[in-house]
Amino acid sequence: MELVKRREDCCGCRTCEQVCPKGAITMVPDQAGFLYPQIDDSKCINCGLCLKKCAFQSGYPMRKEYEPFYGYGGRHKKESVYSHSRSGGVFVAMSDVILQKQGIVYGADFDETEGFYKVSHRMAQTSEERDRLCKSKYVQSDLKDSFSKIKTQLEAGKVVLFTGTGCQVGALHQFLGKEYENLYTIDIVCHGTPSPKLWKEFLKMREKEFHGKVTNVEFRDKKKKGWKKHFETIWINGKPYTSRIYAKICFGSARPSCYECKYANQNRVGDITIADFWGHENAIGEKWDDDKGISLVLVNNAHGMELWNTAKEDMDYVDVTGYPFRHSNMKAPTKRKPDYVEFDNELSNKGMKYIAKKYAEYTPQNYWIAKIKKKFAKKG
Ligand SMILES: Cc1cc2nc3c(=O)[nH]c(=O)nc-3n(C[C@H](O)[C@H](O)[C@H](O)COP(=O)(O)OP(=O)(O)OC[C@H]3O[C@@H](n4cnc5c(N)ncnc54)[C@H](O)[C@@H]3O)c2cc1C
């Protein structure tokens, strides 16, 4: 059986692997580290369940009820929360509601075994565990066996909140095959998920350059450069190095399906959609305009409204229903950059130093020259 005819037709959600009654499907990374299913023909019984449960093969069912959706711009009442979040910390307000019900929250964290080198989904049952899921990680997250665990937890009556990209949320609903009153889903407006291999190789390059191990990571470090700019800070042996190297490359390295994303529109799949509130100045003027982050919350259906109605008590917010959103990925998928056609091959065969030079004009020599110039400029 042929499961994926084109690489664009798979988001790597692992649904097929999880539902296969014979365990005939394994997920195998391609050159850029994106996972694709591989079928062991000797085990496959051609039951077709893998295709039936695949959201990409089933017309990408959506779940938006409200037209237009109810929209809110705002941020968490506590500065400590929105400083620890990518946008305005609405994810914390929503997940707190679930944790207060002794529920379970799923989201993206650094991997349990591979650490900073890999991003994967995991569950949280305490606020300490949940805090690890905060902040955008600009790498495709491996869902592992989250969907199977969620199904068991829902059947046992647990309240579950699942957060992820549109394709991940769409895949979960298709995997489950029915609505659960005790499940809430939040999709993030997504520009495309960057290559897991690029991320790993980038960290290894930094470790080699600065002779140590990665001890911390801050994607899009807003404490250092503000919310609107995109710089990553990587700590090597406790010392921070901030750069735009990864920022310049990562969104050109997204998964092939991202460039044809069926979730990059206003017909949403989660009960709630969250995003950075770009264009906030037109909708709410100068309110919260301190470059510390503002969230946009879109409530897509009655189930989402029930969650928002409690979560909003922890938020300062303004009703922006009807505001025309500026987000390009709520209108169309990101366009593939033409100069990235050879990217996967180059990453695999020529290595990260070559990639950094070609796509970010970065070499270690440049770094040291810039550093010396800065030192002399200060002295002078
Ligand atoms: C790959 C990616 C692309 C994005 N593209 C856009 C965009 O085009 N426009 C825009 O406005 N905003 C984009 N965002 C930002 C996103 O909208 C914010 O993370 C969101 O607004 C949440 O903000 P917050 O402050 O409430 O929570 P935060 O604490 O910042 O975010 C935490 C939430 O993000 C989820 N998350 C983090 N990393 C990932 C990941 N790799 N895969 C799946 N889920 C993840 C967590 O599970 C959690 O639910 C993107 C985020 C990611 C990860």
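Whatever order the structure lists them in is the order used to number ligands and atoms, beginning at 1. Please read these numbers as outputs of a predicted model, since none were measured by experiment. Quick note: residue numbers are just sequence positions, from 1.
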Peer 1: Does NZ or CZ of Arg268 lie under 6.0 Å from the centre of the six-membered ring of Tyr60, at an angle within 45° of the ring axis?
Peer 2: no
Peer 1: Using the side-chain hydrogen bond (donor to acceptor under 3.5 Å, both in side chains) rule, pick out the option among Lys144, Lys118, Arg122 that qualifies with Asp111.
Peer 2: Lys144
Peer 1: Does the distance from a Lys or Arg side-chain N to an Asp or Glu carboxylate O, for Asp221 and Lys225, drop under 4.0 Å?
Peer 2: no
Peer 1: Please work out whether any backbone atom (N, CA, C, O) or any side-chain heavy atom from C-beta onward of Gln168 is under 4.0 Å from ligand 1, and answer side chain, backbone, both or neither.
Peer 2: side chain
Peer 1: Does an N or O anywhere in Ser87 fall below 3.5 Å from an N or O of ligand 1?
Peer 2: yes
Peer 1: Considering heavy atoms of the protein only, find what lies nearest to atom 29 (O) of ligand 1 and give residue, atom and distance to 0.1 Å.
Peer 2: Lys135 N, 2.7 Å
Peer 1: Taking the six-membered ring where the residue is Trp, are the ring centres of Trp235 and Tyr241 under 6.0 Å apart?
Peer 2: no
Peer 1: Centre of Tyr359's six-membered ring, under 6.0 Å away, within 45 degrees of the axis: is that where NZ or CZ of Lys357 sits?
Peer 2: no
Peer 1: Please indicate whether any nitrogen or oxygen in Gly89 is less than 3.5 Å from any nitrogen or oxygen in ligand 1.
Peer 2: yes
Peer 1: Looking at atom 4 (C) of ligand 1, would you say a protein heavy atom lies below 4.0 Å from it?
Peer 2: yes
Peer 1: May I ask you to check whether Arg86 has an N/O atom sitting below 3.5 Å from an N/O atom of ligand 1?
Peer 2: yes
Peer 1: Closest by any non-hydrogen atom to atom 10 (C) of ligand 1: pick that one out of Ile186, Ile294, Asp276, Leu133.
Peer 2: Asp276
Peer 1: Using a strict cut-off of less than 4.0 Å between a Lys/Arg side-chain nitrogen and an Asp/Glu carboxylate oxygen, indicate whether Lys358 and Glu346 qualify as a salt bridge.
Peer 2: yes
Peer 1: Looking only at protein heavy atoms, which one is nearest to atom 39 (C) of ligand 1, and how far off is it?
Peer 2: Ala108 CB, 3.4 Å
Peer 1: Looking only at protein heavy atoms, which one is nearest to atom 17 (O) of ligand 1, and what is the separation?
Peer 2: Ala275 CA, 3.3 Å
Peer 1: Tell me, which protein residue and heavy-atom name are nearest atom 49 (O) of ligand 1, and how many Å apart are they?
Peer 2: Thr163 OG1, 2.8 Å
Peer 1: Checking the N or O distance criterion of under 3.5 Å, is ligand 1 in contact with Val139?
Peer 2: yes
Peer 1: Go through ligand 1 atom by atom and flag the ones less than 4.0 Å from a non-hydrogen atom of Asn329.
Peer 2: 8 (O)
Peer 1: In plain terms, say whether Glu17 and Lys53 are close enough for a salt bridge, that is, a side-chain N and a carboxylate O under 4.0 Å apart.
Peer 2: no
Peer 1: Is the distance between the ring centroids of His191 and Phe251 less than 6.0 Å?
Peer 2: yes
Peer 1: Look at atom NZ of Lys312 and say whether more than 12 heavy atoms of other residues, nucleotides or ligands are closer to it than 6.0 Å.
Peer 2: yes
Peer 1: Taking NZ, NE, NH1 and NH2 as the nitrogens, is one of them in Glu232 or Arg244 under 4.0 Å from a carboxylate oxygen of the other?
Peer 2: no
Peer 1: Would you check whether Ser141 has a nitrogen or oxygen atom less than 3.5 angstrom from a nitrogen or oxygen atom of ligand 1?
Peer 2: no
Peer 1: For atom 34 (O) of ligand 1, find the nearest protein heavy atom and state the residue, atom name and distance (0.1 Å precision).
Peer 2: Ile188 CG2, 4.2 Å
Peer 1: Considering only heavy atoms of Gly164, which atoms of ligand 1 have at least one such atom less than 4.0 Å away?
Peer 2: 43 (C), 44 (N)
Peer 1: Look at atom 14 (N) of ligand 1 and say which protein heavy atom is nearest, naming residue and atom and giving the distance to 0.1 Å.
Peer 2: Val189 O, 3.4 Å
Peer 1: Would you kindly specify which portion of Gln140 sits under 4.0 Å from ligand 1, judged on non-hydrogen atoms: side chain, backbone, both or neither?
Peer 2: neither
Peer 1: With only distance considered, is Val90 within less than 3.5 Å of ligand 1 through an N or O on each side?
Peer 2: yes
Peer 1: Under 4.0 Å from any heavy atom of Gly107, which atoms of ligand 1 are there?
Peer 2: 47 (O)
Peer 1: Salt-bridged, Glu218 to Lys224, with N to O below 4.0 Å?
Peer 2: no
Peer 1: Is the shortest heavy-atom distance from the side chain of Tyr106 to the side chain of Ile150 under 4.5 Å?
Peer 2: yes
Peer 1: Only heavy atoms of His327, strictly under 4.0 Å: list the atoms of ligand 1 that pass.
Peer 2: 11 (O)
Peer 1: Students should be able to answer this: which protein heavy-atom is nearest to atom 16 (C) of ligand 1, and at what distance?
Peer 2: Ser136 OG, 3.9 Å
Peer 1: Which bit of Trp278 gets closer than 4.0 Å to ligand 1, counting heavy atoms only: side chain, backbone, both or neither?
Peer 2: side chain
Peer 1: Using 4.0 Å as the upper bound for N to carboxylate O, is an ion pair formed by Asp276 and Lys222?
Peer 2: no
Peer 1: Do Thr193 and ligand 1 have an N or O pair less than 3.5 Å apart?
Peer 2: no
Peer 1: Starting from atom 1 (C) of ligand 1, what is the nearest protein heavy atom, named by residue and atom, and what distance separates them?
Peer 2: Gly192 O, 3.8 Å
Peer 1: What do you reckon, does His84 have a nitrogen or oxygen under 3.5 Å from a nitrogen or oxygen of ligand 1?
Peer 2: no
Peer 1: Would His76 count as a contact of ligand 1 if the rule is a heavy atom under 4.0 Å away?
Peer 2: no
Peer 1: Give a yes or no on whether Tyr184 and Ile104 share a hydrophobic cluster (residues Ile, Leu, Val, Met, Phe, Trp, Tyr; joining criterion: side-chain heavy atoms under 4.5 Å apart).
Peer 2: no
Peer 1: Less than 3.5 Å between some nitrogen or oxygen of Phe91 and one of ligand 1, yes or no?
Peer 2: yes
Peer 1: What do you reckon, are the aromatic ring centroids of Tyr138 and His230 less than 6.0 Å apart?
Peer 2: yes
Peer 1: Could you tell me whether some N/O pair between Lys137 and ligand 1 is separated by less than 3.5 angstrom?
Peer 2: yes
Peer 1: Are Asp314 and Lys77 close enough for a salt bridge, meaning some N to O gap below 4.0 Å?
Peer 2: no
Peer 1: Using a 4.0 Å heavy-atom threshold (strictly under), name the region of Ile274 that reaches ligand 1: side chain, backbone, both or neither.
Peer 2: both
Peer 1: Report yes or no: do Asn300 and Glu65 form a side-chain donor-acceptor pair below 3.5 Å?
Peer 2: no
